[in-house]
Amino acid sequence: MKIVDATVLVTCPGRNFVTLRITTDEGITGLGDATLNGREQAVVAYLREHVVPLLLGTDPHRIEDTWQSLYRGAYWRRGPVTMAAIAAVDVALWDIKAKVANLPLYQLLGGASRERVRTYGHANGRDIPELLDSVRARQAEGYQAIRVQTGVPGLRKVYGVHTGEAIAHNPTRLDQRAVPVVEDWDTPAYLRHLPTVLEAVRNEFGPELPLLHDAHHRLTPLQAAKLGKDVERYDLFWLEDCTPAENQEAFRLVRHHTTTPLAVGEVFNTVFDYQTLVSEQLIDYVRSAVTHFGGVSALRKLFDFAAQHQVKSAIHGPEDISPVGMAAAIHLDLAVHNFGIQEYSGHTAATNEVFRHAYTFTDGHLHPGEAPGIGVDYDEELAAAHPYDPAYLPVNRLADGTVHDW
Ligand code: EZ4
Ligand code: CO
């Protein structure tokens with residue numbers, strides 16, 4: 001079998017998504033997600049200009065060999081653009097191989113290790129009463145574990161805390177140009193506020209509800225250590241991205257001061273980003289997305305490494321991962337032994353129409369379905385009705401205007 005076509009598809013059915021579709025001479029197609037939120041076109045160009053020409057004529061069954069030749073052959077290693085492009089190829093080839101085998105992908109990954117995939121959803125509110133309502137809304141949707149985020153008194157706009165349509169795209173324009181929203185930030189105010197939020201949530205929902213919180217890389221290691229200690233009594237499932245993650249050694253200080261479980265990795269793109277974190281067991285969950293980490297092949301290897309150190313999987317699943325990336329994640333979740341939890345935010349109705357998928361969400365749990373491959377079809381005609389719409393992630397600024405980590 002040979003690859004005869006590889007097409008990069010861009011659409012915005014509520015959010016921008018980049019998809020690679022590989023077609024073989026036998027007419028079998030495979031899909032891979034290449035969406036890099038806010039930098040989509042960089043991956044589009046990387047694929048179209050530098051990867052597609054290398055794929056044409058090659059054997060789609062040689063997944064590992066293709067991965068290694070794209071990674072090592074580029075000479076320029078790692079990085080989110082490269083690894084998102086490689087991820088899209090990897091997942092599309094796994095999709096093809098599983099379709100040829102006439103099996104759902106999870107069967108090729110060793111088969112199911114569990115009946116279904118536990119997820120967590122996002123609750124948020126500008127203040128505590130609004131947050132409590134949002135937790136109730138997630139529970140009504142079936143979620144059995146919930147990430148809680150709130151506004152901070154004195155701050156106008158905080159990332160991830162929005163009202164109305166929870167997964168809106170909201171591009172900001174200046175003279176027709178897309179520009180980032182500027183959000184404000186104040187770490188001392190946040191550190192004072194968060195324990196009161198968790199106190200209110202525990203008082204309302206009791207001790208058993210698994211609760212998560214994302215600090216979005218905003219704290220210094222010392223601040224993160226203090227926060228971890230301050231919230232121990234609220235028994236978080238995890239504290240996510242407590243400090244900027246480029247500095248793996250920084251987690252030693254956090255880890256030594258708190259028993260609050262730690263999760264990190266949504267901005268990582270290779271196993272090297274985790275070497276110290278995992279081998280010294282400084283974290284409890286690895287949080288990379290299939291889409292940004294070089295695909296199913298690479299993430300599988302990370303999970304096997306993590307398993308040796310009792311670290312579990314927690315694949316990143318925000319709304320900017322397409323249903324293609326989400327489907328690949330769910331197959332892996334079902335198969336790997338050291339599965340922890342899967343983040344799941346759902347998608348807009350238009351997204352679910354463009355990307356028809358076999359995976360289902362019931363009682364807070366996902367299942368990849370039994371369709372051969374990853375189980376996603378891309379409707380190119382519908383997609384064309386939702387053209388690319390540039391948008392950026394926000395920028396955080398302190399009161400004096402200084403740009404802050406996040
Ligand atoms: O900010 O996916 O845990 N999830 C998150 C996400 C990320 C976005 C960035 O594109 O933190 O909302
Ligand atoms: Co996060």
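Starting from 1, each residue takes its place in the sequence as its number. We count ligands from 1, going down the list as the structure has it; atoms in each ligand are counted the same way.
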OE2 (Glu240) - the Co ion (ligand 2) - OD2 (Asp214) angle, nearest 10°: 80°
In ligand 1, which numbered atoms sit nearer than 4.0 Å to a non-hydrogen atom of Asp214? 3 (O), 4 (N), 5 (C), 11 (O)
Quick one: do Arg136 and Glu204 make a salt bridge, cutoff under 4.0 Å? yes
Give the residue, atom name and distance (to 0.1 Å) of the protein heavy atom nearest atom 4 (N) of ligand 1. His316 NE2, 3.1 Å
When you look at OH of Tyr388, are more than 12 heavy atoms from neighbouring residues, nucleotides or ligands closer to it than 6.0 Å? yes
Restricting Glu266 to its N/O/S atoms, the closest one to the Co ion (ligand 2) is OE1
I'd like to know if Asp284 and Arg255 make a salt bridge, using a cut-off of under 4.0 Å between side-chain N and carboxylate O. yes
I need the contact type for Glu319 against ligand 1. Using non-hydrogen atoms and a strict under-4.0 Å cut-off, is it side chain, backbone, both or neither? neither
Tell me the protein heavy atom at minimum distance from atom 7 (C) of ligand 1, and give that distance in Å. Glu266 OE2, 3.4 Å
Do Thr351 and Arg15 pass the side chain to side chain contact (heavy atoms under 4.5 Å, CB included) test, and can you show the C-alpha distance, the side-chain angles, and the key distance before you say yes or no? CA-CA 8 Å; Thr351 298; Arg15 304 202 60 105; 5.7 Å; no
Within ligand 1, which atoms have a heavy atom of Glu343 less than 4.0 Å away? 3 (O), 4 (N)
May I ask you to check whether Asp320 has an N/O atom sitting below 3.5 Å from an N/O atom of ligand 1? yes
Take a 6.0 Å sphere around CZ of Arg114 and say whether it holds more than 12 heavy atoms from other residues, nucleotides or ligands. yes
Any N or O on Tyr120 sitting closer than 3.5 Å to an N or O of ligand 1? no
Exactly one candidate in Tyr143, Trp238, Tyr344 meets ring pair (Phe, Tyr, Trp, His ring centres under 6.0 Å) with Tyr120; the answer is Trp238
Crowded around Leu398 CG? As in, over 12 foreign heavy atoms under 6.0 Å? yes
Please list the nearest protein heavy atom to atom 12 (O) of ligand 1 with its residue and the distance rounded to 0.1 Å. Tyr159 OH, 3.3 Å
When you look for heavy atoms under 4.0 Å from ligand 1, do you find them on the side chain of Ile321, its backbone, both, or neither? neither
Taking only heavy atoms of Asn37, which atoms of ligand 1 are found under 4.0 Å from at least one of them? 9 (C), 10 (O)
Glu141 vs Arg138, test: salt bridge (charged side-chain N to carboxylate O under 4.0 Å, His left out). Steps then yes/no. CA-CA 5 Å; Glu141 289 163 7; Arg138 294 294 86 75; 2.9 Å; yes
With heavy atoms only and a cut-off of under 4.0 Å, state how Asp241 meets ligand 1: side chain, backbone, both or neither. neither
Around atom CD of Glu115, are there more than 12 heavy atoms from other residues, nucleotides or ligands closer than 6.0 Å? no
